[in-house]
Every structure is written in structure tokens, then in C-alpha cells.
Amino acid sequence: MARRNQHSREELQALAVHAVRELVAEQGLAKLSVRKVAEQIRYTPGMLYHVFANLDDLILHANAATLDALLAEIETVNTGSPQQALHHMASAYLALAREQTALWQMVFMHRMQKSAPVPDWYQQRTARLFARVERQMARLAKGQSDSAIHLAARTLWSSVHGIAVLAAENKLDVAGDVDEQAMLDSLLEHYLNSWGKMQVTV
């Protein structure tokens, strides 16, 4: 086992998060435990409990790393039309689902033990994602109310998520072996065209 003072708290946290991501990618979320993470980084489980409150906390930090990577990719496009920006966001999301399926699934499969509340620092990650979608939706249909934009952003992203789920689970063959990127492009084209033509009623 590593010495107690070999790494700082921040370094130990980073090591543990990296180990979680490796273990989940290899074995899936169901087999994850604090003990396995500790073994992976050559620390005792007790040491990890000095850095993380519990397994939930450890998983949330690993999920935050996944969301941060997605947000970083989304933010690489700062110019262009709202349609282009939203196409980029959705394609980045689909790529994450296809290329890092286990980590992407962990974001949605994990449930807090005993229905514990999700901490604010984690909720801010998902809020940042939707805020970027909402910003582009507002640019596309100017004058819409905040509630309409809020609903449209979540309706669109739920549909994007549904395509990503089918692609990640190789279930698209039931739809006649349709290409997931083509489905995504069709969804965005039709939904955004309709949304962009919406008129504000007084």
C-alpha cells in the first residue's frame, strides 16, 4: 500500500477518480466498490473515506469528470449559427455515448443510496449543459419566454439522449439499421426548423 503522505488530498482524489473511470470502463458500474478502487491505487479503503464521503461521492466525482469533458468539447465551438452549435453539441453527446459507453451510462445509471439528495456542485454541471442548449434555442427563436425555452431545450435533449441510448445499446437494428448520425441530423433539422419559425403570441 502507498504511504499515507505519498499524495496530497487533491492528488489522491484525482487518482481515485481515474481508477473509478478505468474500473467502470472495464467491468461496469455494478461491480464497482470502494475496496476495488483502493486496490487499484494501492491505498486502503479507509484512506479513501478521508477524501470521499462514500461510494456515491466517489461516483459523482467520476461523473463530474465525464460531464466536464463533454462541456469542454461543446465549448470548442463559439461561433456560427444556433443550428450549427446545437448540431455540434448533439454530435459530441452521441460520440461520448458511442466511444465511452460505460462512463456515459454511469452518469445516468447511478442512483444515490437511500434517496440522498444530489449535491449542488454536481447539479451545476448538468445545469451548465442545459444552459448552453437554452442559449442557442433562445438565439434561434427570439422573444420566446424563459419557460418555453426551458421546455424546448429539455424536449430536444431528451430526444437526442434517446437516440444515443439506442446507439450505445446497439438497438438501432430494430428500426431497420438506420444510422444514428442520420437520425440525429433529421431530429435537429426538423425540430429546430419548427422551433425557429415559432411566433410569440401576445
Side-chain angles (χ1 to χ4, degrees), residues 59-112 115 117-172 174-202:
I59 291 172
L60 287 178
H61 277 83
N63 283 344
T66 299
L67 292 176
D68 286 345
L70 176 62
L71 285 163
E73 174 60 29
I74 284 174
E75 291 169 353
T76 59
V77 173
N78 297 315
T79 59
S81 68
Q83 292 94 330
Q84 290 173 325
L86 288 163
H87 269 272
H88 175 72
M89 292 180 191
S91 294
Y93 190 77
L94 181 59
L96 177 64
R98 287 186 302 198
E99 298 166 12
Q100 301 184 54
T101 302
L103 296 178
W104 174 78
Q105 288 176 329
M106 180 167 65
V107 174
F108 304 99
M109 290 172 61
H110 173 244
R111 296 291 180 269
M112 300 290 287
S115 300
V118 177
D120 290 342
W121 64 263
Y122 184 80
Q123 292 185 18
Q124 289 170 4
R125 259 76 173 189
T126 55
R128 283 172 58 197
L129 174 62
F130 280 114
R132 279 149 184 77
V133 177
E134 289 180 7
R135 184 181 307 150
Q136 302 305 328
M137 300 295 281
R139 286 180 62 203
L140 190 58
K142 295 181 179 179
Q144 290 293 332
S145 67
D146 289 346
S147 60
I149 294 169
H150 180 93
L151 174 61
R154 281 150 183 80
T155 300
L156 175 62
W157 209 258
S158 294
S159 301
V160 170
H161 178 71
I163 293 173
V165 169
L166 293 174
E169 296 181 355
N170 296 314
K171 296 293 180 62
L172 285 174
V174 301
D177 196 25
V178 179
D179 177 73
E180 60 264 28
Q181 187 63 54
M183 292 179 66
L184 192 66
D185 291 342
S186 178
L187 165 69
L188 291 166
E189 178 183 355
H190 290 89
Y191 190 89
L192 296 180
N193 282 344
S194 176
W195 171 253
K197 294 175 182 176
M198 288 184 65
Q199 299 294 321
V200 179
T201 57
V202 179

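We count residues from 1, following the sequence as given. In this text the structure is predicted, and so the values were computed from the model without any measurement.
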Next item on the list: Quick one: which residue pairs count as a salt bridge (charged side-chain N to carboxylate O under 4.0 Å, His left out) with a foot in residues 80-89, not counting sequence neighbours?
Entry: none
With a 3.5 Å cut-off and sequence neighbours excluded, list the donor-acceptor pairs that the side chains of residues 91-98 form with protein atoms.
residue, atom, partner, partner atom, Å
Ser91, OG, His87, O, 2.9
Ser91, OG, Gln181, NE2, 3.3
Tyr93, OH, Trp104, NE1, 3.4
Tyr93, OH, His161, ND1, 2.7
Arg98, NH1, Glu180, OE2, 3.2

Item checked: Minimum heavy-atom distance Ile149-Ala138, with the two atoms named -> CD1-CB, 3.6 Å
Check: Closest heavy-atom contact between Asn63 and Leu103?
Finding: OD1-O, 4.4 Å
Item checked: Verdict with reasoning, Arg128 to Leu67, per side chain to side chain contact (heavy atoms under 4.5 Å, CB included) -> CA-CA 10 Å; Arg128 283 172 58 197; Leu67 292 176; over 6 Å; no
Check: Around atom CG of Asp146, are there more than 12 heavy atoms of other residues, nucleotides or ligands at under 6.0 Å?
Finding: no
My understanding is that only residues two or more places apart in sequence, or in another chain, count here; which of them pass side-chain hydrogen bond (donor to acceptor under 3.5 Å, both in side chains) with [X]?
X      : result
Asn193 : none
Ser147 : Ser145
Trp157 : none
Glu189 : none

Checklist line | Rounded distance [0.5 Å steps], NZ in Lys197 versus CG in Leu192 | finding: 12.0 Å
Item checked: Euclidean distance, Arg132 CZ relative to Leu71 CG, rounded to 0.5 Å -> 5.5 Å
Note to self: Quick one: does any side-chain atom of His110 pair with a main-chain N or O of Met106 as donor and acceptor, under 3.5 Å?
What the structure shows: no
Which residues satisfy the side chain to side chain contact (heavy atoms under 4.5 Å, CB included) test with [X], sequence neighbours excluded?
X      : result
Arg154 : Phe130, Glu134, His150
Ser159 : Leu187
Ala85  : Gln136
His88  : Glu73, Thr76, Val77

Next item on the list: Could you list all the side-chain hydrogen bond (donor to acceptor under 3.5 Å, both in side chains) pairs where at least one residue sits in residues 118-127, not counting sequence neighbours?
Entry: Asp68-Arg125
Note to self: Under the criterion side chain to side chain contact (heavy atoms under 4.5 Å, CB included), I'd like the reasoning laid out for Tyr191 against Thr155: C-alpha separation, chi angles, the key distance, then a yes or no.
What the structure shows: CA-CA 10 Å; Tyr191 190 89; Thr155 300; 3.8 Å; yes
Checklist line | Close side-chain approach of Leu129 to Met89, heavy-atom, < 4.5 Å | finding: no
Note to self: When you compare the side chain of Gln144 with that of Met137, does any pair of heavy atoms fall below 4.5 Å?
What the structure shows: no
